[in-house]
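Below: one structure, written as structure tokens.
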Amino acid sequence: MTIEDDHAPSDKSIAGMEGLQSAIANGEVNRVKQLLTNEMLDELQKSYLIDLAKTGNHQEIIKLLEDTPTRP
């Protein structure tokens, strides 16, 4: 295993979060659905993303985020 492999999950998580933020800000419902597939957010991430969706008044995205499971 290389050093890059050790950091890959974290990098993937950061890139995924950036992708989610961008899709939410742009009101891209289908993209948000794709990015949330098999995804679990922690409470802070979820709260932030819901607030971001509320800023743009993206009701369908807000509902998707609210229905996304959180990490224990």
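Contact check for Thr68 versus Leu49: no side-chain heavy atoms found under the 4.5 Å cut-off. Counting heavy atoms from C-beta outward, Asn30 and Gln34 have side chains that stay 4.5 Å or more apart.
Between the side chains of Asn57 and Gln59, at least one donor-acceptor pair of N or O atoms lies under 3.5 Å.
In plain terms, the two heavy atoms of Thr70 and Glu43 that are nearest each other are OG1-OE2, 3.2 Å. Across all non-hydrogen atoms, the minimal contact from Ile61 to Ala53 is CG2-CB, 3.9 Å.
Going from atom CZ of Arg71 over to atom CG of Leu44 covers 11.0 Å, rounded to the nearest 0.5 Å. Here the CG-CZ distance, from Leu36 to Arg31, works out to 10.5 Å after rounding to the nearest 0.5 Å. With values rounded to the nearest 0.5 angstrom, Glu28 atom CD is found 11.0 Å from Leu20 atom CG. Rounding to the nearest 0.5 Å gives a distance of 8.5 Å between CD1 of Ile62 and NE2 of His58.
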Subject >> Criterion side-chain contact (heavy atoms from CB on, under 4.5 Å) on Leu65 and Leu52, from CA distance to verdict >> reply: CA-CA 11 Å; Leu65 291 166; Leu52 182 61; over 6 Å; no

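Only one option out of Met17, Glu39, Met40 pairs with Gln45 in a side chain to side chain contact (heavy atoms under 4.5 Å, CB included); it is Met17. Of the listed residues (Thr37, Leu35, Val29), just one forms a side chain to side chain contact (heavy atoms under 4.5 Å, CB included) with Lys33, and that residue is Val29.
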